[in-house]
Asks: 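Let me begin by handing over the structure; questions about it come next.
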Amino acid sequence: VQLQACGGGLVQAGGSLRLSCAVSGGTFSSYDMGWFRQAPGKDREFVAAIRWTGGRTNYADSVKGRFIISRDNAKNTLYLQMNSLKSEDTAVYYCAADTSGRRTMRGFDYWGQGTKVTVSS
């Protein structure tokens with residue numbers, strides 16, 4: 001399974017970005033998917049997750065109400081719409097897939113390479 005994230009960049013505080021994650025080599029429509037991020041000097045942290053059906057989502061408190069995770073199973077693609085961005089959202093963002101079938105929406109076993117988001121204040 002390969003995951004390719006893109007869409008990062010430089011944006012001013014208050015702006016928006018949409019990240020995408022294209023998945024190949026597996027059965028995307030059966031995987032729970034997630035987004036994580038790692039800021040400089042900090043540990044990787046959970047951002048959001050979505051059930052394989054798209055019918056359930058979870059968010060970190062720090063992004064709830066600002067970020068929206070979604071998926072298009074026909075396109076094998078995961079998205080993260082990021083609105084009202086803050087300087088503290090600056091990080092490398094990683095997409096992840098749970099191919100195990102555990103369905104915890106917290107444990108993931110395949111990871112993309114990351115896309116960098118920089119929010120200027």
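We number each residue from 1, following the sequence as shown.
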Asks: If you look at every heavy atom in S62 and R37, which pair is closest and at what distance?
Replies: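 That closest heavy-atom pairing would be OG-NH2, 3.5 Å.
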Asks: Going by heavy atoms in the side chains, are S121 and E88 under 4.5 Å from each other?
Replies: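 A side-chain contact is absent here, since even the closest heavy-atom pair is not under 4.5 Å.
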Asks: Over all heavy atoms of both residues, which pair between M33 and L3 is shortest? Give the atoms and the distance, please.
Replies: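 M33 and L3 have their closest heavy atoms at CE-CD2, 3.9 Å.
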Asks: Could you work out, with side-chain contact (heavy atoms from CB on, under 4.5 Å) as the rule, every residue matching T53, not counting sequence neighbours?
Replies: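 Checked T53 against side-chain contact (heavy atoms from CB on, under 4.5 Å); matches are R51.
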Asks: Identify, with sequence neighbours excluded, every residue that meets side chain to side chain donor-acceptor pair (under 3.5 Å) alongside S30.
Replies: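 None.
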Asks: Listed by chain and number, what are the salt bridge (Lys or Arg N to Asp or Glu O under 4.0 Å) partners of R103, not counting sequence neighbours?
Replies: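 Only D32 meet the salt bridge (Lys or Arg N to Asp or Glu O under 4.0 Å) criterion with R103.
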Asks: Please list all pairs meeting disulfide (SG to SG under 2.5 Å) that have one or both residues in residues 61-121, counting only residues at least two apart or in different chains.
Replies: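 Non-adjacent pairs meeting disulfide (SG to SG under 2.5 Å): C21-C95.
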Asks: Donor-acceptor check, side chain of N76 to backbone of S24, threshold 3.5 angstrom: yes or no?
Replies: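 It does not hold such a pair.
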Asks: State, to 0.1 Å, how close R56 and M105 come at their nearest heavy-atom pair, and which atoms those are.
Replies: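 Taking every non-hydrogen atom into account, O-CE, 3.6 Å.
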Asks: What residues form a salt bridge (Lys or Arg N to Asp or Glu O under 4.0 Å) with K64, not counting sequence neighbours?
Replies: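 Expected list: D61.
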Asks: Could you list the donor-acceptor pairs under 3.5 angstrom formed by side chains in residues 77-85, with sequence neighbours left out?
Replies:
from, atom 1, to, atom 2, distance (Å)
T77, OG1, K75, O, 2.8
Q81, NE2, N83, OD1, 2.9
N83, OD1, S16, OG, 3.0

Asks: Is the shortest side-chain heavy-atom distance between V117 and L19 below 4.5 Å?
Replies: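 Sidechains of L19 and V117: in contact.
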Asks: Roughly how far apart are T27 OG1 and W52 CH2, rounded to 0.5 Å?
Replies: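 So the gap between those two atoms works out to 11.5 Å.
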Asks: Could you pull out all residues at least two apart from R71 that satisfy salt bridge (Lys or Arg N to Asp or Glu O under 4.0 Å)?
Replies: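 So R71 forms no salt bridge (Lys or Arg N to Asp or Glu O under 4.0 Å) with any residue.
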Asks: List for me each residue that meets salt bridge (Lys or Arg N to Asp or Glu O under 4.0 Å) alongside D98, sequence neighbours excluded, and say none if there are none.
Replies: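 Here no residue qualifies.
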Asks: Please tell me whether V1 and W35 are part of a single hydrophobic cluster in this structure, the criterion being side-chain heavy atoms less than 4.5 Å apart.
Replies: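 Same cluster: V1 reaches W35 through Ile, Leu, Val, Met, Phe, Trp or Tyr contacts under 4.5 Å.
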Asks: Hey, what else clusters with W111 if you join Ile, Leu, Val, Met, Phe, Trp, Tyr whenever side-chain heavy atoms sit under 4.5 Å?
Replies: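 Cluster partners of W111: F36, F46, V92, Y94, F108.
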Asks: Can you pull the salt bridge (Lys or Arg N to Asp or Glu O under 4.0 Å) pairs that have at least one residue in residues 1-30, sequence neighbours excluded?
Replies: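 Found none.
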Asks: When you measure from the side chain of Q38 to the backbone N and O of Y93, does any donor-acceptor pair fall under 3.5 Å?
Replies: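 Checked: no pair found.
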Asks: Provide the closest heavy-atom pair for G26 versus Y31 in the form atom of the first, atom of the second, distance.
Replies: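 Smallest heavy-atom distance, with atoms named: CA-OH, 3.4 Å.
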Asks: Any donor-acceptor pair under 3.5 Å linking the side chain of T115 with the backbone of C6?
Replies: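 No, T115 side chain to C6 backbone: no donor-acceptor pair under 3.5 Å.
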Asks: Would you please name every residue forming a side-chain contact (heavy atoms from CB on, under 4.5 Å) with A39, sequence neighbours left out?
Replies: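 K42, A91.
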Asks: Nearest heavy-atom pair of Y59 and A48: which atoms, and what distance?
Replies: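 It is CD2-CB, 3.6 Å.
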Asks: Under the rule for side-chain contact (heavy atoms from CB on, under 4.5 Å), what residues qualify as partners of T104, not counting sequence neighbours?
Replies: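 For T104, the residues satisfying side-chain contact (heavy atoms from CB on, under 4.5 Å) (neighbours in sequence not counted) are R102, R106.
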